[in-house]
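See below for the structure under consideration.
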There are 2 protein chains.
Amino acid sequence: MRSLVDQIEAYIKEMLARSPNGLLEIQRQELAQAFACAPSQITYVLSTRFSVEQGYLVESRRGGGGFVRIVKLPLNARDSLQFLVERIVGQEVSQQIAEGLLRRLEEDQLISRRERVLLRAAIRREALPLELPARDQVRAAILRSVLLTLMVPGMAGEK
Amino acid sequence: MRSLVDQIEAYIKEMLARSPNGLLEIQRQELAQAFACAPSQITYVLSTRFSVEQGYLVESRRGGGGFVRIVKLPLNARDSLQFLVERIVGQEVSQQIAEGLLRRLEEDQLISRRERVLLRAAIRREALPLELPARDQVRAAILRSVLLTLMVPGMAGEK
DNA sequence: ATCAACAGGTCAAAGATAGTCAAAAGGGCA
DNA sequence: TGCCCTTTTGACTATCTTTGACCTGTTGAT
């Protein structure tokens, strides 16, 4: 028999496929109940099968009315940015490298001039009151998050 | 199901939108009754969703004929940004407050929808791999930097 | 002036979700 | 079998919401 992870994974993908916008919002515990497993099992499925590398973005909210939102990032948008993410994930990024990356994004028209200025403000040294190497790590994490967001359906080409 | 806060928030915003002068006056208990909840729930909604950072001013009167007045203050000048910076400098900013602030910037058309989404990606919990309180402090610093950038001549109204 | 009734405010506890982490359980394979 | 990797679980933590007991300010009657 297929393992639980596999079943839950298949279920979520089925739901995503049916969703018109490739977006699914669901309660973790509800899903856990449906599969009669521990809620943390759902978290496990999400982290192993719906990771960034696999092209998914997962967000959530706790407390009453909480939920987990899963977004499928389209493949073509992924191709263009995937390598950038891989280059940065888990790494450190200096301000110089970061600015180069932003410039490149603008050149490739993935972000506007103004967006670049704003994002630059968010990752400049003065905006990150941390010592190295933490500063470069946080900068990497921020850029990673921004790049992922650029891959979300509807984000491309809407500058 | 959406949580009560979300419903009440939506209701108030709807009322505000209909109001000709962007002003709403209502009785706390009346609203609480309408939603069948504790009056303090209304206070909670007001403090989490209608904060100053989000561009709302809430005043009230107790006793007979008491009321709660909610006013939306438009953010159109550099002066107001200056105010926001001062409020945030050297402080900690939770993700919730930060998102409210960004929403407000968009509502007042100081940033576009897309810019908000990108900036949100830069300050969300997952993008800042730090423990509290450092995370909230870095978020404050980033927002401060972004706000200052928005104040730079030539940035306003060039979305 | 005083007091009772009538608002709204505060704050902490309880409730409702989701996340983290590591131990236990399974499964494949040398 | 022994080892390693993946899955499953549960105790503990973090975050957000909802409620209620108690507090403070206003108004109006006496």
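Note that these values count all heavy atoms, side chains included, but never hydrogens, waters or copies made by symmetry. The sequence lines fix the lettering, A, B, ..., with proteins before strands; numbering per chain opens at 1.
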How many Å lie between [atom1] on [X] and [atom2] on [N], as a whole number?
X     : N      : atom1 : atom2 : value
B/F50 : C/dG8  : CZ    : P     : 16 Å
A/Q29 : D/dT17 : CD    : C1'   : 14 Å
B/I97 : D/dC16 : CD1   : P     : 10 Å
A/L46 : C/dT20 : CG    : P     : 11 Å
A/L31 : C/dT17 : CG    : C1'   : 14 Å
B/R28 : D/dT24 : CZ    : C1'   : 12 Å
A/I70 : C/dA18 : CD1   : C1'   : 13 Å

By ring-ring contact (aromatic ring centres under 6.0 Å, His included), which residues pair with A/F67, not counting sequence neighbours?
-> none

Tell me, please, which residues at least two apart from A/Y44 pass ring-ring contact (aromatic ring centres under 6.0 Å, His included).
-> none

Between the side chains of A/R69 and A/S60, is a donor N or O closer than 3.5 angstrom to an acceptor N or O?
-> no

Quick one: do B/R28 and B/T43 satisfy side chain to side chain donor-acceptor pair (under 3.5 Å)? Show the steps, please.
-> CA-CA 8 Å; B/R28 185 180 81 149; B/T43 306; 2.8 Å; yes

Using a heavy-atom distance cut-off of less than 4.0 Å, which residues of residues 57-67 of chain A contact DNA chain D?
-> A/R61, A/R62, A/G63, A/G64

DNA chain D contacts made by residues 119-140 of chain B, counting heavy atoms under 4.0 Å | B/R125, B/L132, B/R135

Taking only nitrogen or oxygen atoms into account, show me every contact under 3.5 Å that the protein makes with nucleotides 6-10 of chain D, one pair per line with its distance.
from, atom 1, to, atom 2, distance (Å)
D/dT7, OP1, A/R49, NH2, 2.3
D/dT7, OP2, A/Y44, OH, 2.4
D/dT7, OP2, A/R49, NH2, 3.1
D/dT7, O5', A/Y44, OH, 3.4
D/dT8, OP1, A/L4, N, 2.9
D/dT8, OP2, A/V5, N, 2.8
D/dT8, OP2, A/Q41, NE2, 2.7
D/dT8, O5', A/Q41, NE2, 3.1
D/dG10, N7, A/S40, OG, 3.2
D/dG10, O6, A/S40, OG, 2.6

Which of A/Q96, A/Q95, A/R103 passes side chain to side chain donor-acceptor pair (under 3.5 Å) with A/E99? It is A/Q95

What pairs with B/E9 under salt bridge (Lys or Arg N to Asp or Glu O under 4.0 Å), at least two apart in sequence or on another chain?
-> B/K13, B/R49

For B/R114 and A/L110, the nearest pair of non-hydrogen atoms, with its separation, is NH2-O, 2.7 Å

Evaluate whether atom OH of B/Y11 has more than 12 neighbouring non-hydrogen atoms of other residues, nucleotides or ligands under 6.0 angstrom away.
-> no

Are there more than 12 heavy atoms of other residues, nucleotides or ligands under 6.0 Å from atom CD of B/E59?
-> yes

Report yes if the side chains of B/L24 and B/V68 come closer than 4.5 Å at any heavy-atom pair, otherwise no.
-> no

Do side-chain atoms of A/R139 reach the backbone of A/I123 as a donor and acceptor pair under 3.5 angstrom?
-> yes

